[in-house]
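Here is the naming used below: chain letters follow the sequence lines, and residue numbers restart at 1 for every chain. What you see is a predicted model, and the numbers here were worked out from it, not measured in a lab.
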Amino acid sequence: MQNSLIYKFSTLFKTQYANMLEYRAEIALWAISGVIPFFMLNIWTNNGLNESINISDVMLSRYFLSAFFVRQFSVVWVVFTFEEDALLGRVSPYLIQPLHPFIRYFVQHIAEQITRFPFALVIAIIFFIFNPQSLWVPSLSTIIISLICTFFSFLMQFLMQSIIASFCFWTEKASSIEKLLFIPTLFLSGLLAPVSSFPYYVKSWIYLTPFPYLIDFPASILSGNQANIIEGIFIQLLWIILFFCIFKKIWKSGTRKFTAMGL
Amino acid sequence: MEIWYKKIYCYGFMNIKKYLKVYSYFNYSSISIELEYKINLFIDLITSILGLIGSVFLLSIFFSNTDEIGGWNFNQALIIQGIYTVLNGVTNTWFNPNLKEIVKYIREGTLDYVLLKPIDSQFWISFKRISPTGLIEILLGFFVLSYCFYLNNISFNIWSSIVLIITLICSISILYSLWFLISTTTIWFVKTWNATEVLRSFLYMGRFPMDSFSFSLRIFFSTVIPITFITTIPSEVLLGLSPAWKIILEVLVSMTFLIFSRRFWKFALRFYTSASS
């Protein structure tokens with residue numbers, strides 16, 4: 001049983017990776033569209049905004065580069081794919097297969113991330129050419145820990161979006177809910193400004209939400225800024241478990257509601 | 001003489017009448033499609049309000065550390081937010097939904113039918129769909145702008161409002177041309193949805209005054225992707241900071257973009273090979 005699951009996984013992965021490689025030009029464009037943190041960095045350092053939050057230029061540039069990386073490897077788009085599949089009636093055959101449809105999407109995301117990696121690396125190298133003083137090599141343990149955190153961040157977002165995607169069983173157009181959720185993700189996750197720079201009236205409650213654990217926490221670890229590693233990972237895990245339970249529940253009642261569409 | 005007169009009448013006025021009529025049909029059909037998803041309209045309203053709150057929040061973070069970025073104080077920077085919101089609403093209402101359609105036309109080969117119609121293909125492709133959700137954002141943007149008038153004590157006269165309208169029209173034409181140029185490249189690359197994401201993320205920087213970026217990025221944003229002309233110059237006009245040459249330059253740039261996008265479309269059509277079976 002265990003063996004067959006691994007077999008399914010690796011086969012799915014191989015086909016999806018080949019599929020993603022075919023669209024490498026698009027994925028390169030996706031990678032480029034994630035450069036917003038660099039522009040934000042430019043605003044921060046060019047106006048000396050970081051002086052009052054006690055982060056040096058170099059540390060801030062490392063932070064934003066890490067934020068770029070974390071974002072690259074935690075981008076999730078499952079709701080859009082699922083919505084299309086649901087509207088075109090492709091979900092019906094997926095539901096019959098002895099494999100949860102979302103495992104397919106999950107593997108798709110992993111394959112896409114691996115395809116994306118070289119492009120992200122090229123962008124990072126270009127960044128270092130322009131900012132040679134911010135070049136740093138994190139220790140192996142830092143890399144491993146931040147990889148784990150980034151993966152957890154990806155899992156959190158994947159599960160959040162899967163929950164929203166399951167709403168497709170009721171509304172057919174769930175992507176507008178995703179757009180709504182994207183707004184707090186964008187502003188509160190630390191992609192545009194590190195969470196440590198937020199005013200106190202936001203800092204007091206932001207750690208109760210999942211958002212700072214999506215980008216700020218992994219990026220802080222990778223860039224060597226202050227972060228409470230054990231606590232952070234623990235909270236990430238809690239969110240993952242919570243989202244997973246919600247997803248299972250919604251999926252169960254959603255599939256009961258499912259009416260085949262299309263074709 | 002008479003033929004010349006007739007020509008102007010047939011190709012001018014009658015044409016405008018015809019296009020307006022077709023356009024009203026477009027609006028009618030697409031609004032009835034959109035109204036099918038009523039909850040979506042409501043969610044989109046909340047999304048645009050939250051988006052605005054988010055960017056004001058970001059601005060407030062910037063300004064909690066300093067009094068001005070790039071020579072703009074908070075109240076002035078808020079004007080840029082207002083103009084950005086209006087333009088983003090325009091993009092979401094007209095440009096974005098149509099762009100999705102163009103990709104579909106070309107991938108499925110249904111552009112053939114558009115080309116065969118006795119109507120300008122660029123007109124059909126650019127104005128077929130309209131999404132009313134963006135209209136809410138436009139209203140929201142104007143609301144912010146009027147609040148900014150109050151904050152900045154802007155005395156509003158006819159002259160400045162004419163100039164503002166001109167610059168806004170120019171910004172919209174530049175935006176339209178950028179979107180249309182990218183969608184035109186679909187003819188070669190078929191899937192350009194991601195290129196628009198790149199454009200979107202660059203345009204996102206239009207929320208901030210261009211003077212707050214470093215010199216090299218400012219050059220980039222005024223030549224490669226003319227964001228400076230899209231949001232910063234109209235805001236400067238509102239504040240009365242903009243010299244006349246900047247406004248003239250903006251008009252020239254937008255004309256160039258419009259003409260170029262038109263030419264590019266005509267050029268690209270030569271390479272269109274249908275995709276249907």
Participant: Which atom pair, heavy atoms only, marks the closest approach of Phe57(B) to Phe187(A)?
Facilitator: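 Minimum heavy-atom separation between Phe57(B) and Phe187(A): CE2-O, 4.2 Å.
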
Participant: Quick check for you: among Ile46(B), Asp44(B), Leu217(B), Thr133(B), which has the greatest number of heavy-atom pairs under 4.5 Å with chain A?
Facilitator: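 Option with the greatest count: Leu217(B).
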
Participant: Which heavy atom of Lys179(A) sits nearest to which heavy atom of Thr47(B), and what is that distance?
Facilitator: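 That would be O-CG2, 3.7 Å.
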
Participant: Rounded to the nearest 0.5 Å, what separation is found between the CG atom of Leu199(B) and the CG atom of Leu29(A)?
Facilitator: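 Here the rounded value is 11.5 Å.
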
Participant: How about CD1 on Ile39(B), more than 12 heavy atoms from neighbouring residues, nucleotides or ligands closer than 6.0 Å, or not?
Facilitator: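 For Ile39(B), atom CD1 is not crowded (no more than 12 foreign heavy atoms under 6.0 Å).
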
Participant: Side chain, backbone, both or neither: which part of Phe42(B) has a non-hydrogen atom closer than 4.5 Å to chain A?
Facilitator: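 For Phe42(B), no heavy atom lies under 4.5 Å from chain A.
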
Participant: Assert yes or no for the condition that the ring centre distance of Phe208(B) to Phe39(A) is strictly below 6.0 Å.
Facilitator: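 Not under 6.0 Å, so no.
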
Participant: Examine whether an atom of Phe62(B) lies under 4.5 Å from a heavy atom of chain A, and if so say whether it belongs to the side chain, the backbone or both; otherwise answer neither.
Facilitator: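 It is both, since atoms from each part get that close.
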
Participant: Identify which of Ser216(B), Ser64(B), Gly70(B), Ser55(B) forms the greatest number of heavy-atom pairs closer than 4.5 Å to chain A.
Facilitator: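 Ranked by heavy-atom pairs under 4.5 Å with chain A, first place is Ser55(B).
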
Participant: State, yes or no, whether a side-chain contact exists between Val198(B) and Trp30(A) at a heavy-atom distance under 4.5 Å.
Facilitator: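 Not touching, per the 4.5 Å side-chain cut-off.
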
Participant: What's the separation between atom CZ in Phe38(A) and atom OG in Ser201(B), rounded to the nearest 0.5 Å?
Facilitator: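 Taking CZ in Phe38(A) and OG in Ser201(B), the distance rounds to 11.5 Å.
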
Participant: Within the 3.5 Å criterion, strictly below it, is a donor on Ser176(A) or Asn40(B) matched to an acceptor on the partner's side chain?
Facilitator: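 A donor-acceptor contact under 3.5 Å links the two side chains.
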
Participant: If you draw a 6.0 Å radius around CZ in Phe80(A), do more than 12 non-hydrogen atoms from other residues or ligands fall strictly inside?
Facilitator: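 Above 12, so yes.
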
Participant: Do other residues, nucleotides or ligands put more than 12 heavy atoms under 6.0 Å from Phe117(A) CZ?
Facilitator: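 No.
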
Participant: Do Asn42(A) and Ser214(B) meet the criterion of a side-chain donor-acceptor pair at a distance under 3.5 Å?
Facilitator: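 A donor-acceptor contact under 3.5 Å links the two side chains.
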
Participant: Less than 4.5 Å apart, any side-chain heavy atom of Phe182(A) and any of Leu50(B)?
Facilitator: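 They are not in contact (no side-chain heavy atoms under 4.5 Å apart), so the answer is no.
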
Participant: Walk me through it: do Trp44(A) and Ile69(B) pass the test side-chain contact (heavy atoms from CB on, under 4.5 Å)?
Facilitator: CA-CA 9 Å; Trp44(A) 278 92; Ile69(B) 52 172; over 6 Å; no

Participant: Is the count of non-hydrogen atoms from other residues, nucleotides or ligands lying under 6.0 Å from Lys104(B) atom NZ greater than 12?
Facilitator: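 No, NZ of Lys104(B) has 12 or fewer neighbouring heavy atoms, counting only those of other groups under 6.0 Å.
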
Participant: Any non-hydrogen side-chain atom of Ile32(A) less than 4.5 Å from a side-chain atom of Glu197(B)?
Facilitator: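 No, too far: nothing below the 4.5 Å cut-off.
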
Participant: Please round to the nearest 0.5 Å and tell me the distance separating atom CG of Leu180(A) and atom CG of Leu45(B).
Facilitator: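 Here the interatomic distance stands at 10.5 Å.
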
Participant: Quick one: which of Ala25(A), Ala28(A), Ser33(A) has the most heavy-atom pairs under 4.5 Å with chain B, could you say?
Facilitator: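 The residue among Ala25(A), Ala28(A), Ser33(A) with the greatest pair count is Ser33(A).
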
Participant: Heavy-atom count around Phe74(B) CZ within 6.0 Å, excluding the residue itself: above 12?
Facilitator: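 Atom CZ in Phe74(B) is crowded, with more than 12 foreign heavy atoms closer than 6.0 Å.
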
Participant: State, with a plain yes or no, whether a side-chain heavy atom of Asn46(A) is found less than 4.5 Å away from one of Ser212(B).
Facilitator: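 No - every pair of side-chain heavy atoms lies 4.5 Å or more apart.
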
Participant: Please check if atom CZ in Phe271(B) has more than 12 non-hydrogen atoms from other residues, nucleotides or ligands closer than 6.0 Å.
Facilitator: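 For Phe271(B), atom CZ is crowded (more than 12 foreign heavy atoms under 6.0 Å).
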
Participant: Leu188(A) versus chain B, heavy atoms under 4.5 Å apart: side chain, backbone, both or neither?
Facilitator: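 Leu188(A) touches chain B through side-chain heavy atoms alone.
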
Participant: Based on non-hydrogen pairs under 4.5 Å, which of Ile27(A), Leu186(A), Asn47(A) is most in contact with chain B?
Facilitator: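 It is Asn47(A).
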
